Amino acid sequence: MGETARNLCLILGDQLSMRLPTLRHADPSRDVVVLAELRAEATYVKHHKKKIILIFSAMRQFAQELRAAGYRVHYVRYDEAENSGSFYGEVARLAARYRPQAVHVTEPGEWRIWTDMQAWQGRLQIPVVIHEDDRFFCSRTQFAAWASGRKSLRMEYFYRDMRRQHKVLLAEDQSPIGGEWNFDAENRRRLPPEVVPRPHRSFSPSKVTREVMDLVVREFPDHFGDSEPFEFATTAAEAEQALDDFITYRLAQFGDYQDAMRLDAPVLFHAYISMYINIGLLDPKTVIARVEQAYHAGDVPLNAAEGFIRQILGWREYVRGIYWLKMPSYAEGNFFGAKRALPDFYWTGKTDMRCMAQAIGQTKQLAYAHHIQRLMVTGNFALLYGADPAAVNEWYLLVYADAFEWVELPNTQGMALFADGGLLASKPYAASGKYIDKMSDYCGECRYQVESATGEKACPFNYLYWNFLAEHQDKLEKNPRMAMMYRVWSKMPPEKQTAIRQAAQKFIANLAS
Ligand code: FAD
Ligand code: DLZ
Ligand code: SF4
């Protein structure tokens with residue numbers, strides 16, 4: 001008879017936290033902790049090579065830390081002959097081997113795995129205990145209670161409740177520090193040329209990472225993106241250093257320049273930590289506490305601390321709540337009936353539109369683009385062009401190192417594409433080239449002219465923007481937040497309107513062919 005275990009404790013690749021509920025319920029001497037590198041997970045979309053490298057390397061090093069902390073670990077490597085390639089396959093195989101009384105796991109981040117897991121107990125004939133993931137501030141049940149009976153599910157009200165409940169940036173009388181809940185209006189400054197952001201902290205690949213890089217290049221050659229140079233943190237200790245670097249050198253200016261974009265600075269004053277938070281290397285609660293401390297110590301202004309905390313305590317928690325509240329139908333939304341395939345340049349980055357080339361080019365290199373690039377460049381283009389939401393969602397899910405469906409889908413469907421018809425956003429984030437020009441230095445380096453809407457050199461964002469408004473007038477003109485733009489459109493001379501729509505149609509036809 002081989003060795004047995006009391007329980008099998010499965011840890012998924014985005015749950016690499018020592019404080020995970022699964023581990024809190026594990027007895028190091030009697031249970032076996034399982035981590036598995038899986039074909040099904042690495043290929044359900046063709047993830048960026050850097051994303052797979054990050055996850056496999058972080059999993060291998062997390063397993064080492066668990067062993068050092070006294071846990072019995074069964075680690076399944078990608079190329080082991082017995083590896084069945086899926087979560088259920090590995091749990092079933094290892095349950096047959098260790099004959100546990102029960103399987104313990106923390107709830108997964110994706111609907112796909114959650115529905116699969118519901119059948120495990122029946123198939124395995126032993127209890128499968130799914131623990132709530134308390135790395136989040138707001139549980140799925142709590143969000144559902146918050147949403148219940150509300151006409152509008154806007155993030156702002158949820159965020160205020162989170163601030164009150166978790167006593168974040170709160171005065172003694174429960175009012176927000178600084179007198180306002182939100183300093184968004186102070187988060188939209190243009191970046192003057194003389195303000196030069198300090199480059200983000202990068203890490204040299206360890207021996208473990210080097211081995212994983214070889215594996216990924218060998219096994220996933222046709223996946224999106226560059227594998228080298230690989231500079232992500234892959235352990236909790238390194239991720240803490242990345243957080244320190246952000247708080248020390250970039251947080252103070254995060255608030256002012258949150259919406260800015262610059263050619264030579266892909267990260268600007270952003271944190272560059274979402275991939276670490278999402279896979280468990282950084283704890284969101286610790287991140288918020290550190291930022292609040294920096295504010296109270298007088299190291300960073302309130303608009304920076306509040307603006308940053310809003311992203312994590314507000315947006316991150318809110319999109320997760322929306323995902324679990326609305327799945328699986330949320331993924332089917334297509335408010336504008338958009339059907340076009342994604343243009344090829346989303347894969348190659350080869351386009352004369354400088355803004356798109358920059359956002360996609362750095363995505364290929366880094367598996368990262370910051371929020372405004374995702375929303376107002378690649379997302380805005382997909383919206384105006386009429387790209388099929390399913391294709392756009394797949395693209396966002398595979399190109400970014402931080403992409404997991406619970407966070408990717410609401411951001412793409414709801415925020416970038418308005419495919420949910422306005423559940424998440426009060427109006428589409430559609431914008432012409434003027435916005436991109438205001439917030440970046442891209443247009444000066446572009447072959448198109450941002451001030452033109454017609455003619456050979458007209459900026460495609462301009463004619464696509466007006467064409468989008470005209471095409472969806474029936475759906476949008478009653479939205480009070482769109483009224484001003486429809487007034488501008490209606491006052492345009494008819495010949496100009498026709499020229500704009502023809503330019504858009506020609507551009508779309510060219511791309512589609
Ligand atoms: P910062 O700008 O420094 O923000 C700090 C932190 O706040 C982030 O690390 C992240 O944890 C959180 N955060 C900020 N904005 C959001 C948001 N809108 N939703 C959830 N969390 C947020 N974020 C992901 O983590 N995974 C995704 O797959 C993802 N897909 C996106 C797709 C689209 C179309 C858009 C518009 C946004 C998407 N985002 C996604 C949100 C946001 O762009 C990233 O979280 C952010 O760019 C990560 O970079 P950072 O760590 O430098 O963030
Ligand atoms: C994203 C990912 C990848 C690429 N590979 C693995 C893996 O080999 N093993 C694993 O446990 N998890 C992986 N993940 C993360 C899972 O896809 C993620 O846990 C689920 O989608 C649930 O959020
Ligand atoms: Fe993008 Fe238009 Fe500016 Fe070129 S001119 S960078 S296409 S917004």
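Everything numeric in this text was worked out from a predicted model, so none of it was measured. Position 1 is the first residue of the sequence; numbering continues from there. Order of listing sets the numbers, starting from 1, for every ligand and every atom in it. Scope of the values below: all heavy atoms of this structure, side chains included, with no hydrogens, waters or symmetry mates.
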Sub-4.0 Å heavy-atom approach of P284 to ligand 1: no

Nitrogen or oxygen atoms of N278 and ligand 1 under 3.5 Å apart: yes

Proximal atoms of ligand 1 relative to T412 (non-hydrogen, under 4.0 Å): 32 (C), 34 (C)

Heavy-atom nearest option to atom 31 (C) of ligand 1, drawn from N411, L251, L424, I312: N411

Under 4.0 Å to a heavy atom of A369 - the qualifying atoms of ligand 1, by number: 47 (O)

Contact (N/O only, under 3.5 Å) between F87 and ligand 2: no

Numbered atoms and elements of ligand 3 in range of V450, under 4.0 angstrom, heavy atoms: 5 (S)

Residue-ligand contact F254/ligand 1, heavy atom below 4.0 Å: yes

Within-cut-off N or O pair, I273 and ligand 1, under 3.5 Å: yes

For ligand 2, the portion of E405 having any non-hydrogen atom under 4.0 Å away: neither

Ligand-side contact atoms (ligand 1) for residue partner H370, heavy atom cut-off under 4.0 Å: 47 (O)

C446: numbered ligand 3 atoms lying under 4.0 Å from its heavy atoms: 4 (Fe), 5 (S), 6 (S), 7 (S)

Distance filter under 4.0 Å to H270 heavy atoms, resulting ligand 1 atoms: 1 (P), 2 (O), 3 (O), 52 (O)

Of the listed options G280, A36, A401, A40, closest to atom 7 (C) of ligand 2 (non-hydrogen atoms): A36

R112 touching ligand 2 at heavy-atom level, < 4.0 angstrom: yes

Within reach of ligand 2, part of M59 (heavy-atom separation under 4.0 Å): side chain

Basic-acidic side-chain contact under 4.0 Å: D244, R290: yes

Best match, Y276, W315, W395: closest heavy atom to atom 16 (C) of ligand 1: W315

Nitrogen or oxygen of M415 less than 3.5 angstrom from that of ligand 1: no

Close-contact set for ligand 1 against Y396 heavy atoms, below 4.0 Å: 32 (C), 34 (C)

Nearest-neighbour protein heavy atom for atom 6 (S) of ligand 3, which is reported as residue plus atom name and distance: C355 N, 3.5 Å

Winner among R39, E41, R77 once heavy atoms are compared against atom 6 (C) of ligand 2: E41

Per-atom contacts, ligand 2 versus L12 - under 4.0 Å to a heavy atom: 11 (O), 19 (O)

